[in-house]
Protein chains: 2
Amino acid sequence: MSTSITLKELSKLLGVSISTISKALNDSHEISESTKQRIREMAELHNYQPNKLAVSLKSGKTRTIGVIIPSIQNYFFAQVLFGIEKVIADSDYNIIVSITHESLEKETKAVTTFSNGLVDGIIVALAEETQLARESSHFDTALNLKKPVVMFDRVFKDFPCDKVQVNDYQVVFDAVQQLQARGRKHIILVSTIQNLSVGKSRAKGYADAVSKEVQLEGTPETIDKVLGDYMSKHSVDGIIALDEDASLTALSVTKKLKKSIPEEVAIIGYASEKMAMNLSPTLTTLNQHGGIIGEKTAKILLEKLKIGAKTLTNEAVETTLVSRETF
Amino acid sequence: MSTSITLKELSKLLGVSISTISKALNDSHEISESTKQRIREMAELHNYQPNKLAVSLKSGKTRTIGVIIPSIQNYFFAQVLFGIEKVIADSDYNIIVSITHESLEKETKAVTTFSNGLVDGIIVALAEETQLARESSHFDTALNLKKPVVMFDRVFKDFPCDKVQVNDYQVVFDAVQQLQARGRKHIILVSTIQNLSVGKSRAKGYADAVSKEVQLEGTPETIDKVLGDYMSKHSVDGIIALDEDASLTALSVTKKLKKSIPEEVAIIGYASEKMAMNLSPTLTTLNQHGGIIGEKTAKILLEKLKIGAKTLTNEAVETTLVSRETF
DNA sequence: TTGAAAGCGTTACCAC
DNA sequence: GTGGTAACGCTTTCAA
């Protein structure tokens, strides 16, 4: 590795000690204006940049926060990341992000790498595998190393760290009730996120709101057939779709069966605003406000890093029903 | 900062020198099996993890590559990142990513931060501001610090680094010709990326293929009105839309004007597969194969890092026309 | 087979 | 006002 010119080299060039250079560049009052001037000029000339690694190693502070998300293809995480960046950009911290692709192994590696010198704190949404395996020991490690952890959206309920969550249960419960209030009797649930904590919470909200529950589950690839089979044999007048793939499928299957939307079948789903607005008919969604979640999460971590508070917060961000054409 | 137990502490615990510990943990042949054993056990017990910062500082290698992209909301970059990750995951390198939000300042900061000790090499797609300002000096800095740079998609044509590009000009040129071959006479162009190099190349491909060019430009917010105004006053039977926003607008405006698609107006656009497939009618797109671009880019950098080749490559990845309902 | 010491690039304490 | 030295945690050369 070649790095930019070092203090040592500048020191030789100027015939001044390393410590003087260091102090001058850090604008210490101990150094005279004239020497500061000389040193700055030479540093400028050679485009001196302090070596981040050395500074971090010495100070024990990296001024960097690590963000770990399961996927980047998912609009929700993209939004959250956007919110995080917005807040961090106004601070003197940097961000580095790692994507786990839902893998526990990758997540563990990321947490370990991050914890071991790279970052001062961690923001994370758990990978699917992690939630399935209920494996949280890698976060214990981070905590032991005094790296504050903030989890958002996909969290371990009992893990001792700050959390920013969505009221998934209540939101879906309410949505189903609204469907019922407008006369829907046969409301079914469609999901490809049954393994995620958020998927479970949402499904529970649904289950508690209906008298007879029908939960259709699958992968993004199979859910199409599952739903098609069911709808061609049973009457359905309302669909709650828990994720973007399920929502898209709900729409396409219903259209394929020539059911009118929302007259015969009403649909409430999850999708990015852009997607929802450009579908035909436009999709009524449960908007999670990823940007706000990101901002809150980042603010909490920043606060913790600055004042080192010990109390754990557990914030909730409201989800709102955005009415469009499907309900 | 608190890090995990250090060699020094292990050394005290075991009554062995630091260097012995280091060697043992690195499985050096200099150390006897028995001591290795003892040391490993103790390290295990205390969950020793080498401090990344210290290792990097010492070795001059970070085993990390930095990825700098303009946006994460853009499906194309998400795909590319996916491809990069796929390749890097199979190596012993790590990835850190920084998002510039199209800002030159952020890009400069990212390149500088990355170059100064954090990474061994950089993958980048230029920010819009960077391309507008034609500012490349921050990459000179990176190169001076011996950090190989690979640019993809949005590149500086003349900058001396490896590049992975798309044959933007040719693809749009061909697409227009296909439209013409099927009798379209009034083909217009819609774009919100006129400031980007790729936007310019694509527009040139269009311009060179038609006899009378009509280029409609705007922002994602204004393009709707621009196109609506034009189409209500002029006859149009084919639209080339250069980005997702333009494509969505092309579709919605055409539908709003009650023109049949593709009979009266054919549309070829750019959009994610998921978006294109779920639109009504489904959108015929120019697919850039972001995943493949990402893989190629990552492989080139890895190669450079490993064997330190000096020749510069300039690879092209094919874009393909995916026929759907709009043409 | 083991250990001491130098050095990676900084910062900070303490002399002068 | 300036400079020497130690220290952050690690690897590596050289001696023992």
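Here is the naming used below: chain letters follow the sequence lines, and residue numbers restart at 1 for every chain. Remember, predicted model here, so these are calculated numbers, not experimental data.
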message = Looking at the base of D:dG3, is there any donor atom on it, or on the side chain of A:Lys23, that sits under 3.5 Å from an acceptor on the other one?
response = yes
key: base_contact_polar (C:dA4 base, B:Ser19 side chain, donor-acceptor, <3.5 Å)   =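 Indeed there is one.
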message = Looking at A:Lys306, I'd like to know if its NZ atom is crowded, meaning that more than 12 non-hydrogen atoms belonging to other residues, nucleotides or ligands lie closer than 6.0 Å.
response =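 Result for NZ/A:Lys306: enclosed.
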Tell me the interatomic distance from [X], atom [atom1], to [N], atom [atom2], rounded to whole angstroms.
| X | N | atom1 | atom2 | answer |
| --- | --- | --- | --- | --- |
| B:Leu25 | C:dT2 | CG | P | 14 Å |
| B:Arg38 | C:dT2 | CZ | P | 9 Å |
| B:Asn26 | D:dT13 | CG | P | 13 Å |
| A:Leu10 | D:dT2 | CG | C1' | 17 Å |
| B:Ile31 | C:dG3 | CD1 | P | 8 Å |
| A:Lys58 | C:dT11 | NZ | P | 9 Å |

inquiry  = We want to know whether A:Glu9 and A:Thr6 form a side-chain donor-acceptor pair, criterion being a heavy-atom distance below 3.5 angstrom.
reply    =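 Short answer, yes.
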Out of [options], which has the shortest distance to the side chain of [X]?
| X | options | value |
| --- | --- | --- |
| B:Val55 | C:dC8, D:dG9, D:dT11 | D:dT11 |
| A:Leu57 | C:dG9, D:dG4, D:dC10 | C:dG9 |
| B:Ser22 | D:dT12, D:dT2, C:dA4 | D:dT12 |
| A:Leu7 | C:dT10, D:dG9, D:dT11 | C:dT10 |
| A:Glu30 | C:dA5, C:dG9, C:dC14 | C:dC14 |
| B:Ile18 | C:dT2, D:dT11, D:dG1 | D:dT11 |

key: Salt-bridge criterion met for A:Asp27 and A:Arg40 (N-O under 4.0 Å)   = yes
message = Check this for me: does any side-chain nitrogen of one of B:Glu295 and B:Lys86 sit under 4.0 Å from a carboxylate oxygen of the other?
response = yes
message = Counting the atoms with a prime plus P, OP1 and OP2 as sugar-phosphate, which does B:Glu33 contact under 4.0 Å by heavy atoms, base, sugar-phosphate, or nothing?
response =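 If one applies the 4.0 Å heavy-atom cut-off, B:Glu33 turns out to touch nothing in the nucleic acid.
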